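Residue numbers start from 1 in every chain, and the chains themselves are labelled A, B, ... in the order their sequence lines are given, proteins ahead of strands. If you're wondering where the values come from, they're calculated on a predicted model, not measured in any experiment.
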Amino acid sequence: MNRKITVYKDTNCGEPRESMVDSQITVAGWVHKRRDHGNLIFIDLRDRSGLLQVVFNPEFSTAAHDLAQSLRSEWVIQVTGKVVSRLSGAENPDLPTGAVELSATDLVILNRAITPPFEVSDDVEVDLNTRLKYRFMDLRRPRMQEILKLRHRVTHMMWDYLTEKEFTQVETPILIKSTPEGARDYVVPSRVHPGDFYALPQSPQQLKQLLMVSGVERYFQIARCFRDEDLRADRQPEHTQLDLEMSFVHQDDVMAVVEELYTRIVKETVPDVAVNGPFVRLTYAESMERFGTDKPDIRFGMELTTITEIAATSDARVFQAVASSGGSIRGFVAPGCGNYGRRQTDDLTEFAKSSGAQGLVFIAIDESAPSIDALEDDHIKSPLKKFLSVDVVKKIAPEMGAGPGDLMLIVAGTDKLVNTVLSNLRNEMAKRLEMVDRKVLAFVWVYDFPLFEWDEDLKKFEPAHHVFSSPKSEHMDYLDTDPGKVIGTLWDLVCNGSEMGSGSIRIHDKNLQTRLFNIIGYTEEQISDRFGQLLTAFTYGAPPHGGMGLGLDRFVAILAGEDAIREVIAFPKTQSAFDPLFEAPSRIEDQQLEDLHIRVVMPKV
RNA sequence: GGUCCCGUGGUGUAGCGGCCUAACAUGCCUCCCUGUCAAGGAGGAGAUCGGCAGUUCGAAUCUGCUCGGGAUCGCCA
């Protein structure tokens, strides 16, 4: 053993094995646990590689043993000694190093620690505020170390793979210009230009398109993006995305790159998780029809069925009214839930209402029913039973694919509402019925999104995705006649029901881009102020190009099996966008404000 | 901005109108202990129950407001 990792240690705690018995080693790390037997002291020493049991025995070194008595949790020490086999029967099979231990001859205390706020261990549940306030301690936990390493591996593979594919990484500025559409900007005052502000980028969108005009051809960046919007489990004010853009490509070229990259990452980082290949492809229309959402979780069935016409033939007023007003009646089958009691169905109704539904219609088919054909009145349970004849149920059930013992869940209303409610309800039922296989990653490309969405409140078209996406060439005519019908060359990558990223083929023509801005109601002034640089660039020879922005935090969270992205971010913020460790945001000095030409006006209480 | 859940020694929980001058586990401190690894044994310190106001003879326990955390709707091109 003649190696040296650093001046402080030549071996990592997690390394010693039987084969190293009799070697003289020096390790350094944190006191994980001490067990003091008086004349014999055991220390579990921890570094990032794992745990090693160190024994202080006065027979080998009284000095080290005496000093070891003072050791406490989380002290930082350096120990030299000999690797020895453990006494027979004293091995610890739970520890990779459990067959051996370090018989200490020298102990150096590198630093002491006050009593930690919580134990550095995976099995203690600690209040989130405390964890974040002491994030430096929280990150010592093996699980958090593992996540940090996982995240590193993912970004490393992105660099490697994209480099292999001849992408160039380019950094774009963090101080850019506010373009106040979409999310709220984080804003930075300028000292040099009184009254003027920079904004932090919501994404490097315009910059990467400019890089395409610059002839970079293949660009990527692990880019930080900022949005001043309310937080969620899967949303932080700053998040990281894999941003990439390619010239001379069509949709399939971009998808191929991302699909290969993501598949490779999943296979290498979480080999025990199954990933579907090739990724499923669904048009937006098909996804909405079958799942009621543009981010379908396809790990389970329970797909939606439309029964507007059949349901309208029943005596149920709700159904008749919705059908005649152009709404839809849709539902899905919860298999084996025909025996749900009042409490369970009430619960589901409540859930549906919380998603915006007026109500939830369910039809339960008793499992004693011999078949749907032989269905009798007694076999049916439903709040609308009075209005649903056996004949109507006999038509609805086969249409929806329900059999004896099943529960049909039906919602009526506007298309949008029905889809929202049913897709939420479908995910909820999958959770309740434990139909979700956590060892599966089901990737879906959802493509052919409409370019615009009609905003009922503002009475105008809004970009459904973003303003730079190219309309399908065959839909150009609709731009003037019926913008709502225009399909864009834009797509999302979805995994297990969450959006992992979105991409599109961009517009590279000034006139077309201007037409789109006009459709969503931007004035000439707004266009030149916010997008002038891009439009100008387009007049100097812009190649056709397209690309994607892919959420890194969500991807790592999915790989790690975490629900909240804050678990995969080293220093995240709380739901009120506060950092308990630094206590940011905070007041600044009056002098700073003065330098920035800023006066603070506090809100009235 | 709305709705819901949570807030008790360092940490995690119990208590949910008087039995609480607040319990348990763990951590912490002192002492004992040569084979432990959830070490063990003996002893000890430590919270007025997020804050404020109210109801009540009496509040950790009920009510209102407020602060903080979380989930979610709005929002997030």
Enquirer: With the side chain of A:Ala90 defined as its heavy atoms from C-beta on, choose the nearest nucleotide among B:A77, B:G69, B:C37.
Expert: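 Within the option list, the nearest is B:C37.
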
Enquirer: Can you find an N or O donor on one side and an acceptor on the other, under 3.5 Å apart, linking the side chain of A:Gln53 with the base of B:U36?
Expert: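 Per atom types, the contact qualifies.
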
Enquirer: So A:Leu128, base contact, sugar-phosphate only, or nothing? Heavy-atom distance under 4.0 Å.
Expert: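 Result for A:Leu128 = sugar-phosphate.
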
Enquirer: Report yes or no: is there a donor-acceptor pair, N or O only, under 3.5 Å between the side chain of A:Arg86 and the base of B:C37?
Expert: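 Present.
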
Enquirer: State whether the aromatic ring of A:Phe118 stacks on the base of B:U11, taking stacking to mean ring centres under 5.5 Å apart and ring planes under 30° to each other.
Expert: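 It does not: the ring fails the test against the base of B:U11.
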
Enquirer: What about A:Asp230, does its side chain sit under 3.5 Å from the base of B:G74 through a donor-acceptor pair?
Expert: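 Present.
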
Enquirer: Would you indicate what A:Gln575 reaches in the nucleic acid, counting non-hydrogen atoms under 4.0 angstrom: base, sugar-phosphate, or nothing?
Expert: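 Base contact.
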
Enquirer: Do A:Arg235 and B:C75 have a side chain to base donor-acceptor pair shorter than 3.5 Å?
Expert: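 Side chain to base: pair present.
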
Enquirer: Determine the contact category for A:Ser576: base if any of its heavy atoms lies under 4.0 Å from a base atom, sugar-phosphate if only primed atoms, P, OP1 or OP2 are that close, otherwise nothing.
Expert: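 Answer is sugar-phosphate: A:Ser576 comes under 4.0 Å of backbone atoms only.
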
Enquirer: Measure from the side chain of A:Arg232, starting at C-beta and using heavy atoms only, and say which of B:C73, B:C37, B:G35 lies closest.
Expert: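 Of all the options, the side chain of A:Arg232 is nearest to B:C73.
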
Enquirer: Assess the residue pair A:Thr489 and A:Ser504 against the criterion (side chain to side chain contact (heavy atoms under 4.5 Å, CB included)); give the C-alpha distance rounded to whole Å, side-chain angles, the decisive distance to 0.1 Å, and a yes or no.
Expert: CA-CA 6 Å; A:Thr489 314; A:Ser504 67; 5.8 Å; no

Enquirer: Looking for any heavy atom pair under 4.0 Å, which part of the strands does A:Asn129 touch: base, sugar-phosphate only, or nothing?
Expert: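 Counting heavy atoms under 4.0 Å across all strands, the contact made by A:Asn129 is with sugar-phosphate only.
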
Enquirer: Pick out the pairs of N or O atoms, protein on one side and nucleotides 39-48 of chain B on the other, that lie under 3.5 Å.
Expert:
residue	atom	partner	partner atom	Å
B:A39	N6	A:Asp36	O	2.5

Enquirer: Between the side chains of A:Gln69 and A:Asp36, does any donor sit under 3.5 Å from an acceptor?
Expert: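 Distance-only check fails for A:Gln69 and A:Asp36.
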
Enquirer: Need one value for A:Arg566: base, sugar-phosphate or nothing, where a base atom within 4.0 Å counts as base even if backbone is also close, heavy atoms only.
Expert: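 A:Arg566: backbone/sugar contact only, no base atoms under 4.0 Å.
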
Enquirer: Whole angstroms only, please: what is the CG-C1' distance between A:Asp123 and B:U13?
Expert: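 Atom CG in A:Asp123 sits about 16 Å away from atom C1' in B:U13.
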
Enquirer: Rounded to the nearest 0.5 Å, what separates atom NE2 in A:His545 from atom CE in A:Met212?
Expert: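 It comes to 7.0 Å.
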
Enquirer: NA contact type, A:Ser73, heavy-atom cut-off 4.0 Å: base, sugar-phosphate, or nothing?
Expert: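 Counting heavy atoms under 4.0 Å across all strands, the contact made by A:Ser73 is with sugar-phosphate only.
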
Enquirer: Has the side chain of A:Glu91 got a donor or acceptor atom sitting under 3.5 Å from an opposite partner on the base of B:G35?
Expert: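 Result: no qualifying N/O pair found.
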
Enquirer: When you get a sec, tell me which of B:G69, B:U11, B:C75 is the closest nucleotide to the side chain of A:Glu229?
Expert: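 Comparing B:G69, B:U11, B:C75 against the side chain of A:Glu229, the answer is B:C75.
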
Enquirer: Applying a 4.0 Å non-hydrogen cut-off, can you work out what A:Glu453 is touching in the nucleic acid: base, sugar-phosphate, or nothing?
Expert: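 Since no nucleic acid heavy atom lies under 4.0 Å of A:Glu453, the category is nothing.
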
Enquirer: Residues of residues 413-431 of chain A with any non-hydrogen atom less than 4.0 angstrom from an atom of RNA chain B: list those, numerically ordered, please.
Expert: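 Heavy-atom contacts with RNA chain B come from no residue of residues 413-431 of chain A; none.
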
Enquirer: Any chance OH of A:Tyr478 has more than 12 other-residue heavy atoms, nucleotides or ligands included, within less than 6.0 Å?
Expert: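 Check fails, neighbour count at 12 or below.
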
Enquirer: Within the 4.0 Å heavy-atom criterion, would you say A:Glu74 contacts the bases, only the backbone, or no part of the nucleic acid?
Expert: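 Contact class for A:Glu74: none.
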
Enquirer: Which part of the nucleic acid, if any, lies within contact of A:Glu59, taking any heavy atom under 4.0 Å across all strands shown: a base, the sugar-phosphate backbone alone, or nothing?
Expert: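 Answer is base: heavy atoms of A:Glu59 come under 4.0 Å of a base.
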
